[in-house]
Amino acid sequence: MRQFAGGRLSAPDFASAWLAARRRVLAGGERLRKRFDRVLTNVFYQLDDYAIDPALREPGDMTDADLKQYVQGALDDLDALEGK
């Protein structure tokens, strides 16, 4: 997430890698604190609305910039959890 928010990873590459990692974690039965899990689940829902293939995007779909802004907000939320 930080690589994507920092511009070191493209939106399609982030989306593909994040979804694959999330599937592996869920399949492995990893358990997360509720608030942490909620932030990651919300990223998943945003990615569900994001067309990885730009050719499949329709007007009104989430853009790369929209996704980056959302992910930065999610990182801010995760950083705030560290202090709690």
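Index from 1, following the sequence. On a predicted model such as this, the values are computed, not experimentally measured, just so you know.
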Fill in: With sequence neighbours excluded, residues passing ring pair (Phe, Tyr, Trp, His ring centres under 6.0 Å) with F4
F14

Discussion item. For the OG1 atom of T41 and the CG atom of D48, what is their distance to the nearest 0.5 Å?
Written reply: 12.0 Å

Item to complete: Would you indicate whether the side-chain heavy atoms of I52 and L19 approach each other to under 4.5 Å?
Response: yes

Practice prompt. Indicate yes or no: at least one non-hydrogen side-chain atom of D64 is less than 4.5 angstrom from one of P12.
Written response: yes

Worksheet item: With distance as the sole criterion, is a donor-acceptor pair present between the side chains of D76 and Q72 under 3.5 Å?
Response: yes

Worksheet entry | Atom pair CG/CZ of D13 and R8 - distance to nearest 0.5 Å | 14.0 Å

Worksheet item: So how far is it from M62 CE to L67 CG, rounded to the nearest 0.5 Å?
Response: 6.0 Å

Discussion item. A side-chain contact here means heavy atoms from C-beta on lying under 4.5 Å apart; do L47 and W18 qualify?
Written reply: yes

Discussion item. Within the 3.5 Å criterion, strictly below it, is a donor on T63 or D66 matched to an acceptor on the partner's side chain?
Written reply: yes

Worksheet entry | Same apolar cluster (I L V M F W Y, side chains within < 4.5 Å links), Y50/L56 | no

Item to complete: Could you check if a side-chain atom of L40 sits within less than 4.5 angstrom of a side-chain atom of M1, using non-hydrogen atoms only?
Response: yes

Discussion item. Does R57 form a salt bridge (Lys or Arg N to Asp or Glu O under 4.0 Å) with D49? I'd like the steps, not just the answer.
Written reply: CA-CA 10 Å; R57 290 189 195 141; D49 291 336; over 6 Å; no

Discussion item. Is it the case that the side chain of N42 and the backbone of V39 share a donor-acceptor pair, with hydrogens and angles ignored and the cut-off at 3.5 Å?
Written reply: no

